[in-house]
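Heads up: numbering here begins at 1 and tracks the sequence.
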Amino acid sequence: MTDHAQQFFISYAGTDRAWAEWVGWHLEQAGHRVILDVWDWRTGDNLVQRMDEALEGADAVIALFSTSYFEDERWTTEEWTAAVAHRDRLIPLALEPLTTSDLPRVLAAKLRKNLHGLEEAAALTALREAVNSGSRPSAPPPFPGGIPSAGALPTAGTVPAAAPVPAVGRSKPRLPGSVEEPRVWGVRRRNPDFAGRETEIARLRESLLTESKAVPQALHGMGGVGKTQLALEYAHRFADQYDVVWWIDAEQPDEIPVHYTELANRLGLAKPDAGAEANARALLSHLGTRERWLLILDNAEDPAQVEPWLAQGPGHTLITSRNPNWAGTARATPLNVFTRTDSLTYLQGRAGSMDDEQADTLAADLGDLPLALAQAAGVIANGGVSLDLYHQLLVTNTTQILAKGDAPGYPAPVAATVTIAVDRLTDRHPDSVALLRLVALLGPEPIRNTWLESVRPRLTTIPGAPDDPMWLHEALSPLSRYGLARTEPQSFQIHRLTQAVLRDQFLPDQSAAMRKDATALLSAANPGDPQSPDNWPGWAALTPHLTAHHLAPTEQPELRPTLLDAAHYLIRSGQTRTARDLAATAHTAWATTMGEDHPDTLTSAQFLGHATADLGEHAEARRIIEDTLTRRRRTLGDDHPDTLQSANDLANVLDNLGEHTESRRIIEDTLTRRRRTLGDDHPHTLQSAHNLAASLHHLGEHTESRRILEDTLTRQRRTLGDDHPDTLQSAHSIAASLHSLGEHTESVRMDQETLARLRRILGDDHPDTLQSAHNLAVTLHDLGEHTKARRIIEDTLTRQRRTLGDDHPHTLQSAHNLAVTLHSLRQYAAAAQLLDDVRNRLRRTLGDDHPDTVDATHSLAKALIAVGKPFAAQRLLGSQKHQKKSRSRRKRR
């Protein structure tokens, strides 16, 4: 590297940000251009794109080596590997003593400069040598042993030993690890178990540095979320960037002047006879003229009482609070619970015997609340309570177990934290406490304000005037202020452990009344037709609360229609496993209490059969559907709409099982009855017409199938609209018929148009969308566009494996078609390997005689012949009892 100005990208771990800023500042002082994420990238930027641009434009990457730098799953790995692979311009600077074994093999042989343990002048010299290593001097070197000239200056473009002019917008950072006097420190010891929160610390540091004025930063969140711990870690991590760091317990605002007087005394400003308030004012006046100070006001709750005691000037003030209402006083930043990754890191650090699955389950049960995780780790690590017992106690003895466990740094355990806050509210805000107890019976997901506003006159447990339009605002404000609720403009949310502690404290008479009100609330919140995608956002918000077991929703008669609609929504929106779980729970409960022939029990059975079929478990689905159909025929009659729906479902599952002739017989009878009882244009009639066309398609009667589908599509567009899922299914099926009739170009056009609509209406991962993408890939393959077909089918297969599972029939069909495409691309070995796996899975799930299994067997034989194994192919075909049937596209309901 020459000594002219260069562009550097600084790669570092989040824990080493202070070092990154120090290096970047001095490089810019030397005239170089620096790309540093916290200086140049903004919230909302695409991280990967920004990284690629920085690496591409950099003359060199400066990598700040430390233990943290080489931790797994850090972006630093991508940064240094890209630098080594593409440019080989990596400048390593070691911030800690590192041995060869500490480094990846590819970096171990690279020379690096050590910055650790040096005074600032020596560190600057090391940085200058690292950046300019290999360049020849532009002037004669000084005579060894001679006296240097007084006016000697560093060469232009190099890093100077001292830089007198700060970079625009940033003051000169201090060398990390250095200690400069005077320094006043008034903070308790660091928490050795602190883990995670790297993103939050980086964001906090950036906020404190980039504000144009000395704007206080207020970190707010519920009790136990770790506000104090984050502030403590920040103070210790960036201590060397301040001359004064002082911690103030601000829960009692009247005591703030006393704490300020203690600091004033340490700075030599206090006058013994002046009094606390006068000394505090003197301190604030002094800080207004000084830099490099940090004041932390911990647990401040009332902005109005704290505001008069906020320091002005170029230093930093950090406030922690449960109260989010700091507008006009401080820049408020919410602190949420841990990410799941941070939860796992913490739990496994405290209780190392946990594997990932155990830690993940415990973190989910505790809602990723840092205080609860600390307590759990303390209980489990000390022995006597197994993980299984802890999970059990969380359900049966919630308050008791949440009162246990050593959680250093937290003033009270979870149970006490919640109880104390509720007790404070009880006398002054009984409506807030009543609301809190009511929603404790719901799920921990957000609760929409409109649900409560619409049902308020029916709620008997909420005190006050039912017609007061401001009641919800007045009830939520104290909950937000005390950190018991997280509020948004249209919703609010209660943490699952807060809910659990409150439920534990219910009295018997309270519990019954609360359950009645919660039932009324959820019943009134029904968003409408579960088949309409327009209503799906409402169902997505409501369904988690309908499955909250603390409410025992299946025991509430008023909720039965809403529960059934929720199951229907889950099926139509592609959330099949959740749909089956809900339908199975409802069916078991209602069969016991109301009997297996009750209409609601049979409807739950209908949805259970539908969801089971959508999961690809067709034999089990057939058993459920046949039983439901028999019961409905006996209790409702052959022509009842519910009976005909079960007949329609049976025809579908038989078609999926390859029994196309019997499927056709049943669906023709069902269609005739639906036309007579419901009319030609009823959605159920059109559903049966679509399914008859699908059966004909599978039987090879493609022309008749196309005719029926085109008539059905015309009627659906007129009655349901172009974007209704049923309309799109018919369009999808017409494209399949066109493909079978050899009209591939028109088939591709319809496939592409339908796929675009499905992606927009249902999303990229919905089963209908994936099946449409599957069909497009098949048609492209038959047109000879093998590379494009491969790209689409590989993406489809990846999504199906993730959403449907490896053994689902749709997944296996896509895997089969990928293998066929690989075969066409002459990748015979890969095709044979994939087909062997597909065939084994089909034999296990559908049986040897299913058409899909027969088809896979013949495709595998062709691949074996292509790789030079004709005898293996012959043996395979000799064991196959059925002749090859033409490949067909799978229909969708």
Side-chain angles (χ1 to χ4, degrees), residues 442-455 488-493 521-548 553 559-586 603-604 606-608 610-615 645 649 683-684 686-687 690 716-717 719-732 753-773 799-800 802-804 810 892-893:
L442 306 184
E445 290 78 13
I447 299 162
R448 291 190 173 183
N449 294 349
T450 53
W451 300 346
L452 285 150
E453 291 167 353
S454 64
V455 80
E488 300 290 344
Q490 304 299 327
S491 65
F492 65 98
Q493 190 171 5
L521 166 64
L522 296 179
S523 177
N526 189 311
D529 182 7
Q531 300 186 74
S532 172
D534 291 341
N535 295 329
W536 288 357
W539 281 110
L542 180 61
T543 300
H545 300 288
L546 290 169
T547 56
L559 279 181
R560 288 205 296 264
T562 307
L563 285 168
L564 292 171
D565 280 348
H568 201 178
Y569 147 72
L570 290 168
I571 289 171
R572 294 307 297 264
S573 63
Q575 301 177 66
T576 315
R577 288 183 176 81
T578 307
R580 182 171 68 173
D581 291 344
L582 176 57
T585 300
T603 302
S604 67
Q606 171 193 319
F607 291 139
L608 176 59
H610 194 151
T612 303
D614 281 354
L615 287 171
Q645 183 61 54
D649 291 349
H684 290 178
L686 297 174
Q687 177 191 60
H690 172 274
Q716 287 173 325
R717 282 174 170 165
T719 59
L720 301 176
D722 289 345
D723 288 341
H724 192 280
D726 289 354
T727 306
L728 294 174
Q729 283 180 346
S730 293
H732 164 91
E753 179 183 339
T754 304
L755 179 58
R757 288 178 182 270
L758 285 167
R759 282 175 170 159
R760 176 168 53 84
I761 302 300
L762 303 181
D764 290 343
D765 288 343
H766 192 282
D768 287 3
T769 306
L770 295 175
Q771 195 60 19
S772 182
R799 294 175 184 274
Q800 286 174 326
R802 184 179 69 245
T803 59
L804 302 176
H810 293 184
R892 300 291 295 135
R893 283 191 180 88

Report the C-alpha distance between Asn535 and Tyr569 in whole Å, list the side-chain angles of each, state the deciding distance to 0.1 Å, and finish with yes or no for side-chain contact (heavy atoms from CB on, under 4.5 Å). CA-CA 9 Å; Asn535 295 329; Tyr569 147 72; over 6 Å; no
Given Asp565, Leu559, Leu546, the one that forms side-chain contact (heavy atoms from CB on, under 4.5 Å) with Asn526: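 In the set Asp565, Leu559, Leu546, the residue that makes a side-chain contact (heavy atoms from CB on, under 4.5 Å) with Asn526 is Asp565.
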Quick test of your reading of the model: are Asp726 and Arg572 salt-bridged, counting only N-O distances below 4.0 Å?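 Result for this pair is yes, salt bridge flagged.
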Check this for me, if you would: do Asp723 and Arg760 make a salt bridge, where the nitrogen-to-carboxylate-oxygen distance has to be below 4.0 angstrom?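 Looking at Asp723 and Arg760, the cut-off is met.
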When rounded to the nearest 0.5 angstrom, what is the spacing between [atom1] in [X] and [atom2] in [Y]?
X: Ser573; Y: Gln531; atom1: OG; atom2: CD; answer: 11.5 Å
X: Gln645; Y: Gln606; atom1: CD; atom2: CD; answer: 5.0 Å
X: Asp614; Y: Phe607; atom1: CG; atom2: CZ; answer: 12.0 Å
X: Ser730; Y: His690; atom1: OG; atom2: NE2; answer: 4.5 Å
X: Ser523; Y: Leu542; atom1: OG; atom2: CG; answer: 9.5 Å
X: Leu728; Y: Leu758; atom1: CG; atom2: CG; answer: 5.0 Å

[Y] backbone acceptor or donor facing [X] side chain under 3.5 Å:
X: Thr727; Y: Gly721; answer: yes
X: Trp539; Y: Gly528; answer: yes
X: His724; Y: Pro533; answer: no
X: Arg577; Y: Leu804; answer: yes

What's the shortest heavy-atom distance between [X] and [Y], and which atoms?
X: Leu582; Y: Ala566; answer: CD2-CB, 3.9 Å
X: Leu762; Y: Pro725; answer: CD2-CG, 4.2 Å
X: Ala773; Y: Leu755; answer: N-CD1, 3.8 Å
X: Gly443; Y: Ala548; answer: N-CB, 3.8 Å
X: Asn449; Y: Ser491; answer: OD1-CA, 3.5 Å
X: His810; Y: Gln800; answer: O-OE1, 3.5 Å

Check: [Y] and [X] side chains under 4.5 Å, non-hydrogen atoms:
X: Arg757; Y: Asp722; result: yes
X: Leu522; Y: Thr562; result: no
X: Pro553; Y: Leu563; result: yes
X: Arg580; Y: Leu608; result: yes
X: Leu442; Y: Trp451; result: no

Determine, stepwise, if the pair Leu686 / Thr719 fulfils side-chain contact (heavy atoms from CB on, under 4.5 Å). CA-CA 10 Å; Leu686 297 174; Thr719 59; 4.1 Å; yes
Heavy-atom count check: over 12 atoms from other residues, nucleotides or ligands less than 6.0 Å from Gln490 CD?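 Atom CD in Gln490 is not packed in, count stays at 12 or less.
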